[in-house]
Amino acid sequence: MELEPNEAQAAVQAQARRFAQEVLAPRAAALDVVGGFPHDNLRQAAEAGLLGINVPVALGGRGAGVVAYSLAVTETARACASTTVALCVSNMVAEVVTHFGNEDQRTAYVPRLCRGELVVGAFALSEPGAGSDPGGMRTKATRTDRGWVIDGSKLWITSGTDAGLFVVWARTSDAPGTRGISTFLVPGDTPGLSRGKPEHKLGLCGSTTTAIDFVGCEVGPEALLSAEGRGFPVAMMALDGGRVGIASQALGIGLSAVDTAARLCAADETRASQQWVQWALCDSATELEAARLLTLRAAWRKEQGRPFSREASIAKVFASERAFAACDRAAAVLGAAGQDEALPVERALRDVRVTMIYEGTSEVQRIVIGREIVRRFTGV
Ligand SMILES: Cc1cc2nc3c(=O)[nH]c(=O)nc-3n(C[C@H](O)[C@H](O)[C@H](O)COP(=O)(O)OP(=O)(O)OC[C@H]3O[C@@H](n4cnc5c(N)ncnc54)[C@H](O)[C@@H]3O)c2cc1C
């Protein structure tokens with residue numbers, strides 16, 4: 001059993017750390033204040049090979065694997081959680097097309113996603129009334145002589161303002177619940193697709209999240225990803241992988257808050273010598289170390305082609321909740337300084353909250369994990 005990254009993985013981690021420190025960190029505070037889509041960060045991320053980390057080299061990706069992806073995401077999130085969410089979703093979209101696409105779809109989109117030519121990819125699943133439960137989805141795709149016409153609305157779509165490719169889920173039959181849902185690849189400039197204004201949100205203010213409306217949005221038959229009616233398993237498999245990314249992101253945010261708190265406490269001898277401060281830092285460091293191991297285990301299982309759904313949910317619920325606690329403790333040990341916009345702890349505390357919400361809330365992860373535990377005894 002090897003608990004350290006191998007040489008190739010460590011090289012990706014080191015490169016992502018350099019990119020995070022040199023490109024992302026100097027801009028992160030201003031990006032958070034000004035808001036908007038981090039174009040230049042993502043252009044440079046594409047140049048650095050960070051938009052297709054676990055995508056085969058033959059399709060323009062890095063071919064570095066899931067462990068390397070997780071390590072890289074943690075590094076970028078330590079510097080800028082906002083850029084990291086766009087980066088994670090785009091990597092996820094590139095992987096979804098690689099895994100579920102046919103040869104034409106792969107070659108049409110994946111290399112361009114990796115090179116940043118499509119800016120980034122977006123994942124359009126959530127709707128008003130269909131967040132935790134995709135079975136409530138109302139967006140429809142109607143078959144025509146020329147392909148499909150999509151009508152409906154998606155909500156809270158990361159990078160919705162700028163993405164060049166949307167993976168979209170829509171109902172293609174009257175089957176109830178999660179049956180009869182299909183997946184489509186919709187280029188961002190397709191007539192009938194319109195982008196809403198960026199939402200004002202608590203954290204990740206340097207990323208955009210928008211509604212996407214589809215009104216008579218016509219796509220050809222080649223837009224269908226995977227088989228008709230198989231959209232729900234596509235979404236669930238994509239989210240399993242996505243959860244490894246979000247656990248890695250949460251870990252990075254938590255580590256950045258602990259680093260800042262420890263650095264500032266170290267500069268204040270009285271504070272650093274207080275036992276409660278040391279215990280707070282100790283609890284955060286211990287919990288984040290456990291989160292790191294859980295996250296890397298889920299990443300490793302995915303990389304090995306083993307089942308990893310349960311492990312990804314365990315990693316996500318633990319890493320996001322412990323990272324939130326670490327940010328909260330960092331703010332506590334710093335007193336008023338923890339609320340200061342000039343220090344990254346305040347931003348970390350706002351940014352980390354959503355890691356317990358998107359790609360399946362903590363409650364949803366508990367349902368996934370609990371169901372799996374019970375299944376071992378019932379076999380159902
Ligand atoms: C910044 C941001 C970015 C996002 N990006 C994307 C994106 O790119 N693509 C995308 O498709 N979506 C995206 N989302 C949407 C996100 O995935 C959903 O918000 C999330 O799945 C929760 O859905 P909801 O908001 O509808 O909450 P609801 O599903 O209404 O849940 C509300 C509360 O009820 C709880 N709950 C719901 N069902 C149960 C249950 N059965 N048992 C116990 N508790 C339950 C939830 O845990 C939650 O606490 C994003 C959201 C945010 C905030």
Side-chain angles (χ1 to χ4, degrees), residues 32 35-38 42 77 80-96 113 119-139 152-170 177-178 181 183-184 186 188 193 195-214 231-232 234-243 245-247 249-250 253 313 316-317 320-321 324 347 350-371:
D32 178 62
F37 183 80
L42 287 158
C80 181
S82 290
T83 302
T84 301
V85 69
L87 182 150
C88 280
V89 175
S90 203
N91 270 280
M92 176 161 74
V93 167
E95 283 194 40
V96 168
L113 279 168
V119 189
V120 286
F123 189 90
L125 179 67
S126 301
E127 295 185 9
S132 297
D133 176 17
M137 181 176 300
R138 295 172 66 172
T139 295
S153 292
K154 298 290 174 178
L155 206 58
W156 295 105
I157 306 307
T158 295
S159 306
T161 49
D162 291 79
L165 178 68
F166 290 80
V167 184
V168 179
W169 279 264
T178 54
I181 293 175
T183 316
F184 296 89
V186 185
L193 180 158
R195 308 162 191 257
K197 291 212 170 77
E199 305 289 347
H200 291 283
K201 40 190 204 296
L202 172 72
L204 301 184
C205 298
S207 73
T208 55
T209 319
T210 61
I212 302 291
D213 289 328
F214 299 90
F232 183 67
V234 171
M236 291 305 106
M237 282 180 69
L239 287 172
D240 282 344
R243 286 166 189 165
I246 300 308
Q249 181 199 29
I253 302 171
S313 285
K316 189 195 180 258
V317 71
S320 59
E321 293 187 356
F324 180 75
R347 174 160 45 91
R350 287 186 288 106
D351 286 347
V352 77
R353 183 60 182 86
V354 73
T355 64
M356 295 188 277
I357 299 173
Y358 54 24
E359 304 208 7
T361 63
S362 284
E363 290 77 11
V364 166
Q365 306 313 320
R366 287 187 167 86
I367 292 170
V368 172
I369 300 159
R371 197 184 287 146

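Both counts, for ligands and for their atoms, begin at 1 and track the order of listing.
- Side chain of T84 to backbone of C80: a donor-acceptor contact under 3.5 angstrom is found.
- A side-chain hydrogen bond (donor to acceptor under 3.5 Å, both in side chains) with S313 is found for exactly one of Q365, R366, R371, namely Q365.
- Side-chain polar atoms of E321 and S362 form a donor-acceptor pair below 3.5 angstrom.
- Counting only distance, with no hydrogens or angles, the side chain of S207 and the backbone of L204 share a donor-acceptor pair below 3.5 Å.
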When you pair each N or O of ligand 1 with protein N or O atoms, which pairs come out under 3.5 Å?
from: ligand 1; atom 1: 5 (N); to: W156; atom 2: O; distance (Å): 2.8
from: ligand 1; atom 1: 5 (N); to: T158; atom 2: OG1; distance (Å): 2.8
from: ligand 1; atom 1: 8 (O); to: T158; atom 2: N; distance (Å): 3.0
from: ligand 1; atom 1: 8 (O); to: T158; atom 2: OG1; distance (Å): 3.3
from: ligand 1; atom 1: 9 (N); to: F123; atom 2: O; distance (Å): 2.7
from: ligand 1; atom 1: 11 (O); to: F123; atom 2: O; distance (Å): 3.4
from: ligand 1; atom 1: 11 (O); to: L125; atom 2: N; distance (Å): 3.0
from: ligand 1; atom 1: 11 (O); to: S126; atom 2: N; distance (Å): 2.8
from: ligand 1; atom 1: 11 (O); to: S126; atom 2: OG; distance (Å): 3.1
from: ligand 1; atom 1: 12 (N); to: S126; atom 2: OG; distance (Å): 2.7
from: ligand 1; atom 1: 14 (N); to: W156; atom 2: O; distance (Å): 3.3
from: ligand 1; atom 1: 23 (O); to: S132; atom 2: N; distance (Å): 3.4
from: ligand 1; atom 1: 29 (O); to: S132; atom 2: N; distance (Å): 2.9
from: ligand 1; atom 1: 29 (O); to: S132; atom 2: OG; distance (Å): 2.7
from: ligand 1; atom 1: 47 (O); to: T361; atom 2: OG1; distance (Å): 2.6
from: ligand 1; atom 1: 47 (O); to: E363; atom 2: OE1; distance (Å): 2.7

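- Of the possible polar contacts, none joining the K316 side chain to the G242 backbone as a donor-acceptor pair under 3.5 Å is found.
- Looking at I157, L239, T158 one by one, the single match for side-chain contact (heavy atoms from CB on, under 4.5 Å) with F123 turns out to be L239.
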